[in-house]
Number of protein chains: 2
Amino acid sequence: MSTGSARPKTPVALAAPGSDGAGSKGSGGSEGATAFAPPRRATISDVAREAGTGKTSISRYLNGELAALSPDLRARIEAAIERLDYRPNQMARGLKRGRNRLLGLLLADLANPYSVEVLQGVEAACHALGYMPLICHAANEIDMERRYLQLLTTYRVEGVIVNALGVPESMLKPIGSGGIPAVLVDRTVDGLDADMVGLDNAAAARLGVQHLLAHGYDDLVFVVQPFERVSSRREREAAFRESIGESIGGPADASARTLAPHARSVRATTQVLDLREDASVEAALAALDAHIADAARRDARCALFAANAPVALRLALHLKAKFGVQWQQHAALIAIDDPEWAELAGITTIRQPTHEIGYRAVEFLHERIEGMALAARAAEFPGELVVRASTPG
Amino acid sequence: MSTGSARPKTPVALAAPGSDGAGSKGSGGSEGATAFAPPRRATISDVAREAGTGKTSISRYLNGELAALSPDLRARIEAAIERLDYRPNQMARGLKRGRNRLLGLLLADLANPYSVEVLQGVEAACHALGYMPLICHAANEIDMERRYLQLLTTYRVEGVIVNALGVPESMLKPIGSGGIPAVLVDRTVDGLDADMVGLDNAAAARLGVQHLLAHGYDDLVFVVQPFERVSSRREREAAFRESIGESIGGPADASARTLAPHARSVRATTQVLDLREDASVEAALAALDAHIADAARRDARCALFAANAPVALRLALHLKAKFGVQWQQHAALIAIDDPEWAELAGITTIRQPTHEIGYRAVEFLHERIEGMALAARAAEFPGELVVRASTPG
DNA sequence: CTGTTAGCGCTTTCAC
DNA sequence: GTGAAAGCGCTAACAG
């Protein structure tokens, strides 16, 4: 209630020129209670005065050039800083130095546990390397994504880590090879030639498929959100198809047969599930129901392979609604991503080393910021199979 | 790993300068591939030159003072900006203006869905009001919390939204009444007299208790993390006890009896569960098991009341491990917070209007930033009961 | 060892 | 209408 929608559509503010919010400004003085003029934060000059010295020495002290300060001066500075509760203004520092130690982190969807986990890795690395992550959450709105990318540019971050939805090419101009260093997480972006960190999708999909085949499932359905510009979705799906081909000795080489000696015929299908539209979800779910029913009729063992956690959740909810608490006995489910509730729901997953992914992303970025200028690299981490109740047999 | 602790205790800086990365610096020139000298971003001066005018006019244009510009000049400026792909440097702006439109958002734990949801509300409000949220994630580390608070100060954010773990008093000096405006979310902080936004804990606990009593449960156990400095935990627990008192016509007035006409005796206990320590978790869980077993023996109907989602998850995992998929039939569970998996797990919850909480927090802060100086306010939003399988009967 | 002098990129009087 | 000049808080040459 009373929240967003009906607000006066403010011009632009941060993102562009236009208005700067008329009003307020004049109301400056004393008004209600505690009218203490906000004790302006001390500046370096204040400290210099207080310590009876020049700004330079203060600056030196702040930057750890302690060797160049007499013990006495140093003590006075220390005291002055303490007395004034002085904190150097990072903005000013950044302005002067040309570097502000800010890293932009653009996340497509924080509601996806994957993002939060990667974030934690990013934070850890940032602390270790002395950066401050500026977290931007696109909330699945491609428009937000664009705005944030601009904003980051505007704040002159030294680098950006992008887990994109699908930036419209043009937005990329400022980042990448020419401009501010960038590293992609989980998915590549078409026009952009930058470092990339993520899951080894091919291996992960294969891992899942092999698990499923080994457990006797022979009707596999890969469920994934619309591919759009998300490379990982596409890669996972492709790997899903391929690894089935290999495993059952399809067009691939025969050596793979050892994996499934009793060469049987396996069905592989893909079902797109657009979580953004209820109608689409309904339709897809209905299709899936039909598929499952058909499989049962054919006496085939059907398993659903969710491309990621959000899809898995939707699927699990549906299966549970349809088959009850014991749904696992009616339809198998495996998913890439291992959210905390997977254990509770008893869903077999392929866990990504999210922390490492985030950590490495920052390391890559750091190297780039420090000047490294080689061809774009890619770090693909292996996933780990976590077997649970949803893939019995 | 390798993170903070062992750093050479340098004076101030971002938190710790010291090694500013020796090396690199000199390697400036041409190295590997694309050795294009990073095309320095255009500045306002560049634009002025390009447009054949002074910086002032550019600035005017940027700030929407279009009225003061001849159509011609305006057009030239527009073109120049376009040509140079110019973006004003927010840092510089902030430095000059004294306000940078940055809001600090200090979150205790992003892994808690609650935080993410509040965050979304905060973001929405920020966009509407023209702020840029600077998200800081303390990851349950009180030390991080302190560091971030300092950092925010250092970046001169205009205000902070704090969902604290327990800042050690001293850290609060800079924020609150005297210094930078702050608003607390979900929990108050002892020494701090600031605006506060959160759930109406008393009402929420009562809602849960009444639901439980109405369904015939008569042995209620409130499970909560160590109270420490987290006011909401304390409040919820207190309200839990009180509302049971009222409802069964304890010390409270008799009118409440209508809620539980057949005045029976109800047991109310509290169990602390420290999620940070495995040993503690084990012990608490064992105690709970004993309690449940005892209740069964006494033929009492026992229900667990989780103070928040993390606790609920831990509890549900345990119950499931103990009683199997059908655990809901052996022990009832209700929780404050309504994470997305609650539906899947079939857990009755009391949902918080998280989005609004975040939104309102920013509104409060905005008012404060704009100069309002009245006594601290508090906004307590009501929770909403969502009944699911975990509280049958 | 220490202070003086220029700015970083932008806004803002204050004249023209 | 438009621009020149003076800083915001800080760092980085250069002199002493």
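Chain letters run A, B, ... following the sequence lines, proteins first, then strands; residues in each count from 1.
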In this structure, how many angstroms lie between the [atom2] atom of [N] and the [atom1] atom of [X], rounded?
{"X": "R49(A)", "N": "dG3(C)", "atom1": "CZ", "atom2": "C1'", "value": "16 Å"}
{"X": "R99(A)", "N": "dA12(D)", "atom1": "CZ", "atom2": "P", "value": "10 Å"}
{"X": "R93(B)", "N": "dG9(D)", "atom1": "CZ", "atom2": "C1'", "value": "18 Å"}
{"X": "R41(A)", "N": "dC10(D)", "atom1": "CZ", "atom2": "C1'", "value": "16 Å"}
{"X": "R87(A)", "N": "dC8(D)", "atom1": "CZ", "atom2": "P", "value": "22 Å"}
{"X": "E65(A)", "N": "dG3(C)", "atom1": "CD", "atom2": "P", "value": "14 Å"}
{"X": "M91(B)", "N": "dC10(D)", "atom1": "CE", "atom2": "C1'", "value": "14 Å"}
{"X": "L95(A)", "N": "dG9(C)", "atom1": "CG", "atom2": "C1'", "value": "5 Å"}

Would you mind checking if [Y] and [X] are paired as a salt bridge, meaning a charged N to carboxylate O distance below 4.0 Å?
{"X": "D85(B)", "Y": "R41(B)", "result": "yes"}
{"X": "D72(A)", "Y": "R76(A)", "result": "yes"}
{"X": "E50(B)", "Y": "K55(B)", "result": "no"}

- Task: Using distance alone, with no hydrogens and no angle criterion, decide if Y61(A) and E78(A) have a side-chain donor and acceptor under 3.5 Å apart.
- Result: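 On atom types as modelled, these side chains qualify, holding a pair under 3.5 Å.
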- Task: Would you check if there is a donor-acceptor pair between the side chains of R156(B) and Q90(A) at a distance under 3.5 Å?
- Result: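 There is no such pair between these side chains.
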- Item | First encountered from the 5' end of DNA chain C, between I58(B) and A92(A) |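 Closer to the 5' end of DNA chain C: A92(A).
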- Message: Considering every strand and a 4.0 Å limit on heavy-atom distances, what is the contact class for S59(B): base, sugar-phosphate, or nothing?
- Response: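 Counting heavy atoms under 4.0 Å across all strands, the contact made by S59(B) includes a base.
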Whether [X] contacts [N] is assessed here as follows: a side-chain N or O lying under 4.0 Å from the phosphate OP1 or OP2. Is that the case?
{"X": "Y155(A)", "N": "dG9(C)", "answer": "no"}
{"X": "Y61(B)", "N": "dG3(D)", "answer": "no"}
{"X": "S57(B)", "N": "dG1(D)", "answer": "no"}

- Contacts of R368(A) that satisfy salt bridge (Lys or Arg N to Asp or Glu O under 4.0 Å) - sequence neighbours left out: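 So R368(A) forms a salt bridge (Lys or Arg N to Asp or Glu O under 4.0 Å) with D195(A).
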Nearest-neighbour nucleotide for the [X] side chain, [options] considered:
{"X": "P88(B)", "options": "dT2(D), dC1(C), dC10(C)", "result": "dC10(C)"}
{"X": "I44(A)", "options": "dT12(C), dT2(D), dT11(D)", "result": "dT11(D)"}
{"X": "N89(A)", "options": "dT2(C), dG1(D), dG9(D)", "result": "dG9(D)"}

- Task: On DNA chain D, check which nucleotide each of L73(B) and R156(B) is closest to and give me the residue with the more 5' one.
- Result: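 So the residue in question is L73(B).
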- Message: How close do L184(A) and A194(A) get, counting heavy atoms only, and between which atoms?
- Response: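 In this case the closest contact between L184(A) and A194(A) is CD2-CB, 4.4 Å.
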- Task: List the atom of V185(A), the atom of A361(A), and the distance in Å for their closest heavy-atom pair.
- Result: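 Taking V185(A) first and A361(A) second, the nearest heavy atoms are CG2-CB, 4.0 Å.
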- Item | Aromatic ring proximity, centroids under 6.0 angstrom, H137(B) and Y148(B) |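 Between Y148(B) and H137(B), the centre distance exceeds or equals 6.0 Å.
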So which protein nitrogen or oxygen atoms get under 3.5 Å of nucleotides 5-7 of chain D's nitrogens or oxygens?
| from | atom 1 | to | atom 2 | distance (Å) |
| --- | --- | --- | --- | --- |
| dG7(D) | N2 | K96(B) | NZ | 3.1 |
| dG7(D) | N3 | K96(B) | NZ | 3.0 |

- Task: Report the residue from L66(B), I58(B), L62(B) that forms a side-chain contact (heavy atoms from CB on, under 4.5 Å) with I77(B).
- Result: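 Answer after filtering L66(B), I58(B), L62(B): I58(B).
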Sub-3.5 Å pairs of nitrogen or oxygen atoms, protein against nucleotides 14-16 of chain D:
none

